[in-house]
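Just so it is clear, the model here is predicted, and its values are computed rather than measured.
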Amino acid sequence: MKYDPKQIEPKWQHYWQTNKTFAAVDDDARPKFYCLDMFPYPSGQGLHVGHPEGYTASDILSRYKRANGFNVLHPMGWDAFGLPAEQYAISTGTHPSITTQRNVDNFRRQIQALGFSYDWDREVNTTDAGYYRWTQWIFTQLYKKGLAYIAEVPVNWCPALGTVLANEEVIDGLSERGGHPVVRKPMRQWMLKITEYADRLETDLDELDWPEGVKHMQRNWIGRSFGAEVDFKLSAVDKPITVFTTRPDTLFGATYMVLAPEHPLVSEITTPAQADAVASYVNQAALKSDLERTELAKDKTGVFTGAYAINPVNGEEIPVWISDYVLSTYGTGAIMAVPGHDQRDWEFATKFNLPIIEVVAGGDVTVEAYTGDGALVNSGMISGLAVPEAKAKITAWLEGEGLGKGAVNYRLRDWLFSRQRYWGEPFPIIHAEDGEILLVDEAELPVTLPEVEAYKPSGTGESPLATISEWVNVTLPDGRRGRRETNTMPQWAGSCWYYLRYIDPHNTEQAWAPEKERYWMPVDLYIGGAEHAVLHLLYARFWHKVLFDLGFVHTKEPFKRLVNQGMILGEDGQKMAKSRGNVVNPDDIIEQFGADALRLYEMFMGPLEAVKPWQTKGVDGVRRFLDRAWRVFVDDKTGEPRVDDSAPSDEVTRALHKTIRKVGEDIEALRLNTAIAAMMELVNLLTKDKTCSRTILEPFAQLIAPFAPHFGEEVWSRLGHDATISHVPWPRYEEALCKDPMLTYAVQVNGKLRGQVELAADVDEATALAAAKADPNVARHLEGKTLRREIFVPKRMINLVVS
RNA sequence: GCGAGGGUGGCGGAAUUUGGUAGACGCACUGGAUUUAGGUUCCAGCGGUUUCGACCGUGGGGGUUCGAGUCCCCCCCCUCGUACCA
C-alpha cells in the first residue's frame, strides 16, 4: 500500500478531535509552555498559504514541547469584528454575524485540515457576547483608572467609509481599507491615554526576546526624546511661549520662533498689521489634509506674526512666525528655531532671509545646518564645551533661573479608540441627559449589539446604532433619561487581550481566573506577521500593563518571545493577489499533495522569517520525500510494516543520533528548514541501507511526527502502537554515538586544497601531518619547496605552508 | 533622507553562532537501469573555464590571516519600515 494522505489525514484528524489529544490541562504539575499564533480575521476569501506558515512552525514547536514533557497551551480563535463583514452587510443586507459565522466555519475547516494541534475547546471569537462582555469589562477598568476620555479632536474622517480612522489606518492620505481619501475633521471621540504608559512601553522593550527590528520600530513609534522645555517671554504680551527642544545647547543660536498655526497664542500675539496674512494662513492650514501638509513640505511656508520674543539666554528680541512645519500635536506646538543646527529651520531661514548663527563648530552653516557634535561657540557661559556637556550645563542654568527645565517628549499620541460603525463592541457607557457620563454596571454587561434595519453609516459621523432609538434611549435607575454611546470600539480592542481569554475561555464569572493566569502566563512564544510589529503589539502591551497595575495579571509583559514569519510570495515572485492571479489555495495543495506535504514544504522553503517565493514543484519534492520515508516503514506492495528487531549498523546508529540532536536543536531555534534537510539525509541513508531495525525506525517516526503529524501517527500505529505518538517522550541521543571514528581531513598547501585523507577522529598531529604529506598530490606540491609552517586543526584540516 | 535586514549555482536555500574542504537538502536539468507504460522507482552526474595539471568563483574594490562567504575599511544594488516629531 502506497502512502496515501487522503486516507490517513482525515482519520487522524478525527482521532485527535474525539480523543481531545491536545487538550491543555489547567491544573498540572508539569512545566507549561504557552505557544500562541496571531489569530486570523476570518475573511470571505478563506485561508491563503501565508496563514499555515506561522501556524505550522508553532505547531511543530508545540508538538515537540509536548513530547518533551511540557503541558502545552496552543489555542486558536477569531478576530471577527471589522469592516469587511460590515461592508458586505451594507451591500447585501446580510447580518455581519451570519457572514462571520460562515467565514469562521470555513476557516476552522481549513485549519483543521492541516492537522494543527490546537485545543479546540478553547476557541474564542471576539464577536461572541460572552467574549466582548469582558472586552467591555476591561474598558470599564481603563475608564475607572482615568485612561479613557472623550475629546473633540481633529480626526481622520473618511467620507467614503463614513467613519473616522486611526492614524495607523491612513496610508499616504488614503484609507488602509479601500484606499479612499481621508480628510481632517474635529469630532467627539473616545481616546485612550496610552501616552501615560509611553515611558514603560519604551523601557520594558529591553527585556523582551523579540526581533530587534520590531523593538526598533516600537521605539521609533513611541519616539521618546530627551531635552528641555524653555520659556520665551514675549515683548508685547505678558505670557511666555514654551518650547520643547532636544538641543538646549544651541539656545544662543535661536534666531526666531515658530508656532504651529493651531497654537492658542497665535491670535493673541498677532499684530494688527499682520492680522490678515496670519488669518489667511491659519485658514489655509486648517483646510489642508495631513497629506497635503507633508506633501508640500518640500517648500516651507509661513507668515510673520509681528510679535517678538526674548531669547532668555541673551535677552535678544527674535521674531515669532507661524508655519505648518511645526506640528501642533508634538511637544508644545512651538519651537525655537536654530537654523545653524537644524536643517528644517535652516531651510525656513534661508527662504525668509532670517539670520543664521553658528553656535557649534564643525560645519559650514552657510551651506547647510550642522547637526553633529563639536565645541560650542558664540554661546556665552557654555562656549568651549562639547554638545553633551553644554546641554547639561544650560539645562541646569535654565532650571536655576526658573526659565525652563529638563523634559522628555514622546512622538506617541493618545489612541483614538472609537469608530462610527455597527460591527464592533458597544461601549459600556451611557450619557445621562444632564451630561453626566456613566459606566454601565459590571453586572449588566455585556451591552449587546441590537438588530438593525440598515448597516449603512448615518454619514453624519454617527454609527448605525444611533438610529435604533429603543436601544439608544434608556431610563436610569434614578429616573434620569440617558442615551447609550453609539460609537463602537476599533478592531484592536478584541485582539488586545485574547491571549488571556484562552487561559480560561468559558469563565462566566471573571475574564480569567487568577490562578490560571499565574500558571499559564506569559506567552512563551508568539508567532505572527510583521505587519503587526507596531500597532497590535503596542496596544496589547499597553492593556497588559494596565491590567498588571490593577493586579489582574502578574507579568509586566505579555509576550516573552516573538517571531515574525516572512511573507510567502507568488510563484512569480510578486505578492500574492487575486488581481495577479498568483494566489495559491491551501485546499488545492492538500487535495493534490496532502496536508503533511504542505506543512513540510512551507517549512522547507527557507528560514521562517524570510520572504520567499512559492514553488509548487517544491511541494512535489517534499511529497517525494514522504513517499520515500513511507517506504522505509511500510512495504508498499504488501502494506506490511517492514520492521524487525535486528541490530542496526554503526553507521545508521550514528546517523540517527546525529539527526536526533540536529532536529531537536533546530526546532528549538525554529530552523525548521535545516531540520527537514537533516531528516531527508537520514531517509536517503535508510533507503540505501534498507534498515528495518525498530531501534532506528521508532525514533525516526517521532522525529518526523511534529512536522508531518498524520504521517507520524500512521507509521507509529503500523509499528504496533495503540496510543497516539503525540505524548511519547522525545527520543534521546547519546553524544558518544554522534561521533564518527574516522574523519575526512582536507589537506591544503599554501591554503589551497590539494588532497583529502581519512584519519581517525582522535588522530595526533604528527600522524596526521605524515599522512597528509604521503598523499601523492600533496607530495607533488611539496616537491622542491621548503616547508615553513604546518597547521593542524583537529577534526578539520591540515595546511602546509611552503615557499 | 533616516533606520533595519539582505546580495552565495539555472531556482529555493546550506555553511555566517566558533574564520578551517563553499554549494548540505530540495527543485530543475542530463545520462543510465527497471517497467507494457510513467508526472513511478533506483543509480550516476550537475558553479564556470580547462592544455585535465590546474585556474577562477559567495554584489564590487581594498585589508587582516597559514587560511575569509564568515572579521575590518570603502563603494554599489535590493527588500522592508519610516517620513518636517524640534
Side-chain angles (χ1 to χ4, degrees), chain A residues 2 172 211-217 219-225 227 243-247 250 258 260 293-294 296-298 300 323-327 329-338 341-345 347-348 409-413 530-531 533-534 564 566-567 573 600-601 604-607 609-625 627-628 631 636 669 671 673-684 687-688 744-756 777 780-781 788-802:
Chain A
K2 287 195 166 154
D172 294 336
E212 280 310 313
V214 175
K215 290 203 218 179
H216 196 262
M217 280 160 73
R219 287 205 174 93
N220 280 351
W221 196 263
I222 296 164
R224 180 165 70 182
S225 56
V243 301
F244 174 74
T245 176
T246 55
R247 294 296 303 276
T250 61
V258 187
R293 279 174 80 142
T294 50
L296 304 172
K298 281 129 209 161
K300 298 251 178 311
S323 170
D324 62 7
Y325 87 89
V326 172
L327 308 175
T329 46
Y330 182 79
T332 60
I335 62 158
M336 65 175 204
V338 184
H341 305 284
D342 181 291
Q343 190 57 29
R344 297 156 299 184
D345 297 344
E347 282 162 18
F348 191 86
N409 243 289
Y410 300 91
R411 206 191 79 124
L412 184 71
R413 316 277 159 80
E531 65 274 20
V534 177
N564 295 128
M567 206 192 333
L600 222 33
Y601 172 65
F604 188 63
M605 291 173 82
E609 301 85 347
V611 177
K612 34 205 183 282
W614 177 271
Q615 296 181 140
T616 300
K617 281 280 186 193
V619 191
D620 221 346
V622 293
R623 171 58 197 267
R624 280 205 282 270
F625 161 64
D627 287 334
R628 275 161 77 79
R631 290 193 299 269
D636 65 351
R671 289 187 302 252
N673 52 330
T674 51
I676 293 166
M679 290 189 286
M680 286 174 168
E681 287 187 82
L682 183 65
V683 164
N684 291 344
T687 301
K688 209 172 288 187
T744 306
Y745 278 70
V747 183
Q748 300 179 344
V749 177
N750 284 348
K752 287 192 193 301
L753 183 69
R754 297 302 179 191
Q756 297 182 334
N777 195 45
R780 204 167 53 79
H781 283 271
R788 296 289 178 196
R789 199 169 157 188
E790 298 168 320
I791 288 147
F792 172 71
V793 183
K795 293 187 176 22
R796 296 201 186 273
M797 51 80 70
I798 291 148
N799 190 9
L800 303 168
V801 184
V802 298

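A:T744 comes within contact range of at least one nucleobase, with a heavy-atom separation under 4.0 Å. Counting non-hydrogen atoms under 4.0 angstrom, A:N409 reaches nothing in the nucleic acid. Residue A:H781 is classed as a sugar-phosphate contact, given heavy-atom separations below 4.0 Å to backbone atoms only. Nucleic acid contact class of A:N564 (heavy atoms, under 4.0 Å, all strands): none. Using a 4.0 Å heavy-atom criterion, one finds that A:P211 contacts no nucleic acid atom at all. At the heavy-atom level, A:Q756 lies under 4.0 Å from base atoms of the strands shown. Backbone-only engagement by A:G621 is indicated by non-hydrogen atom pairs under 4.0 Å involving sugar-phosphate atoms exclusively.
Using P as the reference atom, B:U58 and B:G69 are 7 Å apart when rounded to the nearest Å. Nucleotides B:A83 and B:A4 have their C1' atoms positioned 15 Å apart, rounded to a whole Å. Spacing between B:G23 and B:G12 at atom C1', rounded to whole Å, works out to 13 Å. Comparing the same atom, P, in B:G32 and in B:U79 gives a spacing of 44 Å after rounding to whole Å. Distance check on atom C1': B:G63 versus B:G19 gives 15 Å, rounded to whole Å. For B:C72 and B:G81, the P atoms lie 28 Å apart once the distance is rounded to whole Å.
Interatomic distance, A:H781 NE2 to A:L800 CG, rounded to the nearest 0.5 Å: 11.5 Å.
Residues A:V619 and A:W614 are in side-chain contact: their nearest non-hydrogen atoms beyond the backbone lie under 4.5 Å apart. The shortest side-chain heavy-atom distance between A:M680 and A:V622 falls under the 4.5 Å cut-off. Proximity of A:D342 to A:I335: side-chain heavy atoms (C-beta onward) are nowhere separated by under 4.5 Å. With a 4.5 Å cut-off on side-chain heavy atoms, A:M679 and A:V683 do not count as touching.
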Write out a two-atom table: protein N or O, nucleotide N or O from nucleotides 30-32 of chain B, distance below 3.5 Å.
none

Please list, pair by pair, any protein nitrogen or oxygen found under 3.5 Å from a nitrogen or oxygen in nucleotides 16-20 of chain B.
none

Table of protein N/O atoms under 3.5 Å from nucleotides 80-82 of chain B N/O atoms:
none

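Proximity of A:T674 to the phosphate of B:G13: no side-chain N or O atom is located under 4.0 Å from OP1 or OP2. Note on A:K752: a side-chain N or O is less than 4.0 Å away from OP1 or OP2 of B:C56. Taking side-chain N and O atoms only, A:R628 has a distance below 4.0 Å to OP1 or OP2 of B:C42. In this model, the phosphate group of B:G26 is approached by a side-chain N or O of A:N684 to a distance below 4.0 Å at OP1 or OP2.
In terms of position along RNA chain B, the nucleotide closest to A:F604 lies nearer the 5' end than the nucleotide closest to the other residue of the pair A:V801 and A:F604. A residue-by-residue look at A:R780 and A:A677 shows that A:A677 has its nearest nucleotide of RNA chain B further toward the 5' end.
For A:F348, the ring-ring contact (aromatic ring centres under 6.0 Å, His included) test picks out A:Y256, A:W321, A:Y325, A:F352, with sequence neighbours left out. Listed by chain and residue number, A:W346, A:E347, A:E368, A:A369 satisfy the side-chain contact (heavy atoms from CB on, under 4.5 Å) test with A:Q343 (two or more places apart in sequence, or in another chain). For A:N750, the side-chain contact (heavy atoms from CB on, under 4.5 Å) partners two or more places apart in sequence, or in a different chain, are A:V801, A:V802. A:R780 is linked by a side-chain contact (heavy atoms from CB on, under 4.5 Å) to A:N777, counting only residues two or more places apart in sequence or in another chain. Scored by the ring-ring contact (aromatic ring centres under 6.0 Å, His included) test, A:F244 finds no partners at all (sequence neighbours excluded). Looking at residues two or more places apart in sequence or on another chain, you find a side-chain contact (heavy atoms from CB on, under 4.5 Å) between A:P607 and A:E609, A:A610, A:N673.
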| request: Evaluate side-chain hydrogen bond (donor to acceptor under 3.5 Å, both in side chains) for A:N684 paired with A:R628, printing each intermediate quantity in order. | output: CA-CA 8 Å; A:N684 291 344; A:R628 275 161 77 79; 2.6 Å; yes
| task | Take A:R219 and A:H216 through the side-chain contact (heavy atoms from CB on, under 4.5 Å) test and state the conclusion after the steps. | result | CA-CA 5 Å; A:R219 287 205 174 93; A:H216 196 262; 5.6 Å; no
| remark: B/S/- along nucleotides 33-40 of chain B (protein heavy atoms under 4.0 Å) is --------
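Neither side chain, A:R411 nor A:N220, offers a donor N or O lying under 3.5 Å from an acceptor on the other.
Taking syn as a glycosidic angle within 90° of 0, B:G48 does not qualify and is anti.
RNA chain B lies under 4.0 Å from at least one heavy atom of each of the following residues of residues 330-337 of chain A: A:Y330, A:I335.
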| said: Wobble G-U and Watson-Crick pairs count when both distances are under 3.5 Å; given that, what is the 5' to 3' dot-bracket string of RNA chain B, with | for pairing to other strands? | reply: (((((((..(((.......[....))).(((((.......))))).(((....)))..(((((..]....))))))))))))....
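Classification of A:R623 and A:D627 as a salt-bridged pair holds, one side-chain N sitting under 4.0 Å from a carboxylate O.
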